[in-house]
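To keep things clear, I will list the structure first and then write my remarks on it.
Both counts, for ligands and for their atoms, begin at 1 and track the order of listing.
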Amino acid sequence: MSAAATPEGRVLWFTGLSGAGKSTLASALHAELLAAGVKTELLDGDAVRENLSKGLGFSKADRDTNVRRIAFVAGLLAQHGVTVLVSAISPYADTRREVLAALPNTAEIFVDAPLETVTERDVKGLYLKAIAGEIAHFTGVSDPYEAPTAPDLHLRTDRLSVEECLSLLRPLAGLKETVSA
Ligand SMILES: Nc1ncnc2c1ncn2[C@@H]1O[C@H](COP(=O)(O)OS(=O)(=O)O)[C@@H](OP(=O)(O)O)[C@H]1O
Ligand SMILES: Nc1ncnc2c1ncn2[C@@H]1O[C@H](COP(=O)(O)OP(=O)(O)O)[C@@H](O)[C@H]1O
């Protein structure tokens with residue numbers, strides 16, 4: 001018996017500062033894909049660091065290891081036709097380039113808000129601590145973030161609403177731009 005080939009899934013890679021909106025957008029898109037009956041998985045930085053990457057820190061070496069592990073799992077899932085949404089700061093341009101080049105059907109999504117905005121949002125209360133010097137190597141404060149120079153999608157989340165961002169994201173995920181009521 002010959003098995004039908006599974007078309008490779010897409011990998012949408014959300015990169016950006018903490019608090020830029022990666023998880024908000026990736027999880028909303030994930031819910032929409034599930035509702036549309038699309039095979040999908042969400043690999044979120046926080047959840048990955050509690051499991052697959054438990055014990056890793058925030059040095060360049062550890063962040064790169066984290067990103068490569070996420071990409072490895074994303075690749076396995078995509079081979080089985082799963083649409084994978086990755087949400088991770090993934091601050092280093094060379095590492096993003098390397099892992100995205102090895103994955104099928106990728107889109108690099110730059111979730112972008114200025115440091116002032118993410119500091120004001122301070123979703124997890126980490127920026128105040130980082131600025132006070134209580135968290136070492138904090139991305140955007142005391143550690144680098146290398147912004148994508150040619151992302152497939154650049155979302156300014158300080159200017160666009162969540163819904164506006166989702167309407168730009170849906171086509172990349174294979175969904176219609178607008179959701180019918
Ligand atoms: N030093 C430092 N720098 C940046 N972020 C920090 C740090 N320490 C803890 N956190 C929290 O860890 C989340 C980032 O994890 P990631 O796996 O996405 O980071 S990375 O891709 O490996 O750089 C990040 O989550 P998000 O806010 O969802 O981005 C932070 O809550
Ligand atoms: N256009 C937007 N897209 C995503 N998040 C937004 C947007 N506008 C405001 N926000 C808010 O910004 C915060 C982003 O937090 P989060 O998604 O946890 O960021 P990250 O996963 O990048 O750390 C949330 O409180 C969210 O409601």
Quiz item: Hey, is the main chain of V48 close enough, under 3.5 Å, to the side chain of D44 for a donor-acceptor pair?
Solution: no

Quiz item: Where is the nearest protein heavy atom to atom 12 (O) of ligand 1: which residue, which atom, and how far?
Solution: F58 CZ, 3.4 Å

Quiz item: Checking D152 side chain against I109 main chain: does a donor-acceptor pair fall under 3.5 Å?
Solution: no

Quiz item: atom 23 (O) of ligand 1: which protein heavy atom is closest, and how many Å away?
Solution: R63 NH1, 2.8 Å

Quiz item: Would you say T24 and ligand 2 have an N/O pair spaced under 3.5 Å apart?
Solution: yes

Exercise. Mark up the atoms of ligand 1 that fall under 4.0 Å of a heavy atom belonging to H137, in ascending order.
Key: 1 (N), 2 (C), 3 (N)

Quiz item: Of the backbone atoms (N, CA, C, O) and the side-chain heavy atoms from C-beta on, which set of K124 has a member under 4.0 Å from an atom of ligand 2: side chain, backbone, both, or neither?
Solution: neither

Quiz item: Which ligand 1 atoms does P91 reach within 4.0 Å, using its non-hydrogen atoms?
Solution: 23 (O)

Exercise. List every atom of ligand 1 that sits less than 4.0 Å from any heavy atom of S18, numbering the atoms from 1 in the order shown and giving each element.
Key: 26 (P), 27 (O), 29 (O)

Exercise. Go through ligand 1 atom by atom and flag the ones less than 4.0 Å from a non-hydrogen atom of S90.
Key: 20 (S), 21 (O), 23 (O)

Quiz item: Any idea which part of L17 is under 4.0 Å from ligand 2, heavy-atom wise: side chain, backbone, both or neither?
Solution: backbone

Practice problem: Kindly identify the option in K60, K124, R49 whose heavy atom sits closest to atom 26 (P) of ligand 1. | Solution: K124

Quiz prompt | S90 side chain reached by R63 side chain, heavy atoms, under 4.5 Å | solution = no

Practice problem: Distance to 0.1 Å, residue and atom name: give those for the protein heavy atom nearest to atom 4 (C) of ligand 1. | Solution: T139 OG1, 3.3 Å

Quiz item: Picking from V86, T157, V111, what satisfies side chain to side chain contact (heavy atoms under 4.5 Å, CB included) with K22?
Solution: V111

Quiz prompt | Identity and distance of the protein heavy atom lying nearest atom 6 (C) of ligand 2 | solution = V162 CG2, 3.9 Å

Quiz prompt | Pairing of E163 and R170 as salt bridge, 4.0 angstrom limit | solution = yes

Quiz item: Just going by heavy-atom distances, which of L166, V123, L160 is nearest to atom 25 (O) of ligand 2?
Solution: V123

Quiz item: What atoms of ligand 1 come within less than 4.0 Å of a heavy atom belonging to A136?
Solution: 1 (N)

Practice problem: Apply salt bridge (Lys or Arg N to Asp or Glu O under 4.0 Å) to E98 and R68, showing your working. | Solution: CA-CA 9 Å; E98 170 204 307; R68 290 194 181 105; 2.7 Å; yes

Quiz prompt | Under 4.0 Å to a heavy atom of S23 - the qualifying atoms of ligand 2, by number | solution = 17 (O), 20 (P), 21 (O)

Quiz item: Should the ring pair F110 and Y145 be called parallel, tilted or perpendicular, given that the plane angle runs from 0 to 90° and is split at 30 and 60?
Solution: parallel

Quiz item: Should you measure from each heavy atom of A88, which atoms of ligand 1 turn up under 4.0 Å away?
Solution: 18 (O), 21 (O)

Self-check item: Nearest option to atom 2 (C) of ligand 1, as decided by whichever heavy atom of F138, Y92, Y127 sits closest
Solution: F138

Exercise. List the atom of A113, the atom of R121, and the distance in Å for their closest heavy-atom pair.
Key: CB-NH1, 4.1 Å

Exercise. Ignoring hydrogens and angles, tell me if any N or O in the side chain of T40 forms a donor-acceptor pair with the backbone of T83 under 3.5 Å.
Key: yes

Quiz item: Taking the side chain from N105 and the backbone from G9, do they hold a donor-acceptor pair closer than 3.5 Å?
Solution: yes

Quiz prompt | K22 neighbourhood, listing ligand 1 atoms whose heavy-atom distance to it stays under 4.0 Å | solution = 29 (O)

Self-check item: Region of V48 that comes within reach of ligand 1 [heavy atoms, distance under 4.0 Å]
Solution: neither

Quiz prompt | Option nearest atom 5 (N) of ligand 2 (shortest heavy-atom distance, choices A28, A88, G21, S27) | solution = G21

Quiz item: atom 13 (C) of ligand 1: which protein heavy atom is closest, and how many Å away?
Solution: D46 OD1, 3.6 Å

Quiz item: Between R10 and L172, is there a donor-acceptor pair closer than 3.5 Å when you use the side chain of the first and the backbone of the second?
Solution: yes

Quiz prompt | Nearest-neighbour protein heavy atom for atom 5 (N) of ligand 1, which is reported as residue plus atom name and distance | solution = I89 CD1, 3.6 Å

Quiz prompt | Ligand-side contact atoms (ligand 1) for residue partner L126, heavy atom cut-off under 4.0 Å | solution = 30 (C), 31 (O)

